[in-house]
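Have a look at the structure below before the remarks.
Quick note: numbers below take in every heavy atom, side chains included, and nothing from hydrogens, waters or symmetry partners. Protein chains get the first letters and strands the later ones, always in sequence-line order, with residue 1 at the start of each. Here the structure is a predicted model, which is why all the values come from computation and not from measurement.
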Amino acid sequence: MDLSITKIVYCSHGFRPTYNIWWEEERYTDGVKWKFLEHKGPVFAPPYEPLPSNVKFYYDGKHMKLSPQAEEVATFFAKMLDHEYTTKDIFRKNFFKDWKKEMTSEERSKITDLKKCNFTEMSDYFKAQAEARKSKTKEDKLEENERMLQEYGFCVMDNHKERIANFRIEPPGLFRGRGDHPKMGMLKRRIRPEDIIINCSKDSKHPVPPPGRKWKEVRHDNKVTWLVSWTENIQGSIKYIMLNPSSRIKGEKDWQKYETARRLKKCVDRIRNQYREDWKSKEMRIRQRAVALYFIDKLALRAGNEKEEGETADTVGCCSLRVEHIKLYPENDGQEFVVEFDFLGKDSIRYYNKVPVEKRVFKNLQLFMENKEPDDDLFDRLNTSILNKHLQELMDGLTAKVFRTYNASITLQQQLKELTNVEENIPAKILSYNRANRAVAILCNHQRAPPKTFEKSMQNLQTKIDAKRDQLADAKRELKSAKADAKVRRDEKSKKAVETKKKAVQRIEEQLMKLEVQATDREENKQIALGTSKLNYLDPRISVAWCKKMGIPIEKIYNKTQREKFAWAIDMAEEDYEF
DNA sequence: GGGGAGACTTAGTAAGCATCTT
DNA sequence: AAGATGCTTACTAAGTCTCCCC
């Protein structure tokens with residue numbers, strides 16, 4: 001079955017007629033997302049397999065056979081024993097509470113203290129199993145995965161066969177929130193067919209539930225993009241199965257996102273003038289709105305919706321900043337009007353920044369903080385809905401996050417212009433690209449945990465560099481003596497020898513440069529994640545155009561997945577593309 | 001306008017896998 | 001062949017924003 005409209009797409013490896021060329025098709029305008037949708041439904045988590053009888057659980061030093069339900073939940077904990085989570089009080093408390101709910105009344109009366117539970121045999125058993133799975137022939141694993149992918153990993157949406165992003169239902173386990181999450185350790189329950197809502201078109205072959213089972217509902221809503229949904233039990237939120245980023249439905253939206261950001265580029269000056277005016281407004285709400293917008297624009301802060309207290313980790317964005325999250329310095333390190341930000345943002349990633357701001361902003365902040373407690377809202381007359389309503393009036397489709405997209409993309413474009421030189425060689429250009437990418441990642445505060453092996457791998461690289469330096473010195477010495485030799489002998493053979501040595505020196509110099517560049521790049525990247533901005537904030541057409549201008553194969557910048565996601569941009573953007 | 005449901009994007013981590021070293 | 005290393009992919013949590021109801 002091949003319903004895709006494909007076109008021969010040229011890439012530097014040759015011709016590959018692989019993509020759906022959805023970007024040359026007409027688009028829906030009326031909120032309709034598709035006319036035909038057919039899929040096979042989700043893949044459920046494998047059923048629980050009770051432990052073999054030799055793998056024992058001990059309570060207070062004594063062997064205890066657990067009921068299957070209680071045992072399953074115990075295995076979730078056992079599997080995480082090596083993780084720091086299991087040492088945290090909240091995690092243990094939440095787990096124990098939910099575990100007890102799964103016990104028989106007899107078990108419940110016996111098992112009263114988590115500290116007295118010994119899961120080590122279970123834990124060892126799972127480690128051994130993981131080991132065994134590793135050594136299982138590669139073909140077995142691959143084949144199984146591939147079979148599932150072929151069977152469940154695709155759907156037909158309109159005239160395209162599309163890849164599904166997540167066709168497997170999340171297996172049961174213990175909830176792992178990020179940061180200080182009040183619900184960490186709670187039992188994430190197993191999802192059954194009866195929990196599942198299927199979305200597909202009426203005239204499609206509907207997915208079939210497992211034998212003897214039923215779906216919760218089958219609906220035919222073509223105003224939404226999801227294929228399957230269920231309600232999760234930790235926060236009560238809805239989870240979805242949706243399409244891969246390479247799909248038409250995702251790609252179109254992504255493209256549209258960058259087009260909105262480009263429209264902002266056209267009117268951003270006007271908007272900036274406007275909010276600067278608003279700093280002087282008589283009305284408090286307008287001043288607050290204007291200062292918040294300034295932060296969102298200048299610092300690429302997120303909007304900051306309010307969150308239900310006690311349901312999630314305590315994190316904030318711009319509109320939900322509290323007095324305790326900023327400090328004002330009339331003077332700091334020779335700069336005037338410095339604001340120090342220190343708060344936990346999305347995923348409990350710390351945002352720390354000291355920035356000089358305009359005097360008016362500074363004065364306003366002082367005013368906003370007057371007579372407030374540390375845990376009071378900084379912008380008490382503002383929330384994201386007020387802010388976005390205002391933005392909508394300034395430009396059609398404008399919301400807070402458009403500023404992040406706009407500032408990220410424009411920064412990349414500027415940095416690429418500034419940093420790259422057509423004359424340089426490919427590794428130098430790629431270093432420059434990464435640096436431009438890095439500037440954006442820093443702006444957006446995209447962090448990562450430094451890789452566990454970072455120090456060591458850095459040392460190894462340094463060793464290599466040192467060795468290469470020695471090698472270069474040797475080669476230079478040899479070249480020198482060859483030259484001297486040629487001067488004396490004046491024959492063809494020794495002239496040739498000089499040429500060979502020269503080439504060798506050149507080659508080694510290049511290799512050395514490459515290694516040094518690699519070291520710089522890696523060092524600068526230690527705690528910074530480039531992937532997030534590359535995937536979500538940077539208009540891919542900027543990168544494609546840059547590659548064309550600089551003679552860099554696109555494969556050096558985008559890996560296979562990224563090329564699939566950005567196929568539209570790779571096909572469309574010419575070297576003169578301007579964001 | 002306030003609150004909640006719903007839909008969709010953005011995010012970091014860890015497992016999986018490929019490749020390079022020893 | 002095994003082990004180290006580094007990149008890719010899968011996973012799923014945590015955001016944003018819209019819409020609807022009151």
Side-chain angles (χ1 to χ4, degrees), chain A residues 31 33 80 82-83 130 133-135 138 141-142 145 149 153 164-171 173 175-179 181 183-184 188 197 199 221 223-226 229 231-232 234-245 249-250 253-254 256-257 296 302-308 311-313 315-320 344-349 383-389 391-392 397-405 408 441 444-449 451-454 456-458 460-461 464 518 522 525 527-537 558-562 564:
Chain A
K33 303 290 169 66
M80 293 178 77
D82 286 338
H83 206 287
R133 216 171 314 125
K134 258 187 224 161
S135 56
K138 215 189 277 173
K141 278 190 287 182
L142 266 177
N145 274 337
L149 176 67
I164 297 169
N166 56 324
F167 55 88
R168 284 173 216 274
I169 302 266
E170 296 171 19
F175 177 74
R176 307 155 76 124
R178 317 239 169 100
H181 198 116
K183 299 197 170 185
M184 64 168 74
K188 197 166 109 163
I197 303 175
N199 194 33
D221 182 357
K223 299 274 169 67
V224 297
T225 68
W226 53 268
S229 76
T231 301
E232 151 272 349
I234 304 289
Q235 325 267 5
S237 64
I238 308 169
K239 300 262 188 168
Y240 303 93
I241 290 182
M242 291 186 189
L243 298 193
N244 197 66
I249 201 92
K250 294 289 183 192
K253 198 78 186 300
D254 205 38
Q256 189 189 313
K257 173 181 79 186
I296 284 170
R302 295 187 185 83
N305 284 306
E306 51 263 76
K307 310 164 70 185
E308 219 177 322
E311 294 292 298
T312 59
T315 62
V316 297
C318 187
C319 295
S320 50
L344 297 181
K346 181 176 178 181
D347 295 307
S348 293
I349 297 291
N383 61 40
T384 55
S385 140
I386 295 171
L387 179 65
N388 280 333
K389 256 182 210 135
L391 293 176
Q392 185 58 236
L398 188 60
T399 62
K401 90 185 184 90
V402 178
F403 281 88
R404 246 167 107 78
T405 311
C444 294
N445 199 227
H446 291 141
Q447 298 188 24
R448 61 166 183 175
K452 285 192 188 81
T453 54
F454 185 84
K456 212 174 135 212
S457 83
M458 218 53 208
N460 289 347
L461 193 57
K464 267 193 197 168
Q518 208 187 342
R522 208 185 291 172
N525 241 9
Q527 303 200 55
I528 299 168
L530 300 186
T532 306
S533 50
K534 207 177 196 179
L535 229 49
N536 299 301
Y537 288 103
Y558 289 140
N559 68 29
K560 183 167 150 279
T561 326
Q562 295 167 158
E564 279 166 10

So does [X] get a side-chain nitrogen or oxygen closer than 4.0 Å to the phosphate oxygens (OP1/OP2) of [N]?
{"X": "A/K389", "N": "B/dG1", "value": "no"}
{"X": "A/K183", "N": "C/dA13", "value": "no"}
{"X": "A/N166", "N": "C/dC11", "value": "no"}
{"X": "A/K346", "N": "B/dT10", "value": "no"}
{"X": "A/Y537", "N": "B/dA11", "value": "yes"}
{"X": "A/H446", "N": "B/dT10", "value": "no"}
{"X": "A/K307", "N": "C/dG15", "value": "yes"}
{"X": "A/N559", "N": "C/dT8", "value": "yes"}
{"X": "A/T399", "N": "C/dC17", "value": "yes"}
{"X": "A/N388", "N": "C/dC17", "value": "yes"}
{"X": "A/R302", "N": "B/dA11", "value": "yes"}
{"X": "A/H83", "N": "B/dA14", "value": "yes"}
{"X": "A/S237", "N": "B/dA5", "value": "no"}

At 4.0 Å (heavy atoms only), tell me whether [X] reaches a base, stays on the sugar-phosphate, or touches nothing.
{"X": "A/P171", "value": "sugar-phosphate"}
{"X": "A/R448", "value": "sugar-phosphate"}
{"X": "A/G177", "value": "sugar-phosphate"}
{"X": "A/G531", "value": "nothing"}
{"X": "A/A313", "value": "nothing"}
{"X": "A/T384", "value": "nothing"}
{"X": "A/A165", "value": "nothing"}
{"X": "A/K33", "value": "sugar-phosphate"}
{"X": "A/G304", "value": "sugar-phosphate"}
{"X": "A/S385", "value": "nothing"}
{"X": "A/D347", "value": "sugar-phosphate"}

In whole Å, what is the span from the [atom1] atom of [X] to the [atom2] atom of [N]?
{"X": "A/F403", "N": "C/dT16", "atom1": "CZ", "atom2": "C1'", "answer": "15 Å"}
{"X": "A/Y240", "N": "C/dT12", "atom1": "OH", "atom2": "P", "answer": "17 Å"}
{"X": "A/E306", "N": "B/dG4", "atom1": "CD", "atom2": "P", "answer": "11 Å"}

Checklist line | Donor-acceptor under 3.5 Å (A/Q527 side chain, A/A449 main chain) | finding: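 Checking the backbone N and O of A/A449 against the side chain of A/Q527, no donor-acceptor pair under 3.5 Å is found.
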Item checked: Donor-acceptor under 3.5 Å (A/N383 side chain, A/S385 main chain) ->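 Indeed, once roles are kept as given, a pair shorter than 3.5 Å links the two residues.
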Checklist line | Interatomic spacing from CZ in A/R176 to NE2 in A/H181 - rounded to 0.5 Å | finding: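 Going from CZ on A/R176 over to NE2 on A/H181, the span is 14.0 Å.
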Check: What is the distance from atom CD of A/E232 to atom OG of A/S237, rounded to the nearest 0.5 Å?
Finding: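 Reported value, rounded in 0.5 Å steps: 4.0 Å.
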Checklist line | Sole candidate of A/I349, A/I528, A/T532, A/L530 that passes side-chain contact (heavy atoms from CB on, under 4.5 Å) when paired with A/H446 | finding: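 The side-chain contact (heavy atoms from CB on, under 4.5 Å) with A/H446 is passed solely by A/T532 among A/I349, A/I528, A/T532, A/L530.
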Next item on the list: Between A/Q447 and A/V224, just flag the one whose closest nucleotide in DNA chain B comes earlier from the 5' side.
Entry: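 Per heavy-atom nearest nucleotide, the more 5' residue is A/V224.
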Next item on the list: Between A/G236 and A/N536, just flag the one whose closest nucleotide in DNA chain B comes earlier from the 5' side.
Entry: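 With A/G236 and A/N536 compared, the 5'-side residue is A/G236.
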Checklist line | Heavy-atom pair with the smallest gap, counting every atom of A/T312 and A/K307 | finding: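 The pair with the smallest heavy-atom distance is OG1-CE, 3.1 Å.
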Notebook entry, point to check: Minimum heavy-atom separation for A/L387 to A/A400, with atom names?
Noted result: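 Smallest interatomic distance, heavy atoms only, reads CD2-CB, 4.4 Å.
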Side chain of [X] (C-beta onward), nearest among [options]:
{"X": "A/K239", "options": "C/dC17, C/dT12, B/dC8", "result": "C/dT12"}
{"X": "A/K188", "options": "B/dA14, C/dT12, C/dT16", "result": "C/dT12"}
{"X": "A/A449", "options": "B/dT13, B/dA7, C/dT12", "result": "B/dT13"}

Check: For A/N244 and A/K401, take the nucleotide of DNA chain C holding the closest heavy atom to each; which residue's nucleotide lies nearer the 5' end?
Finding: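 Here A/N244 is the residue nearer the 5' end.
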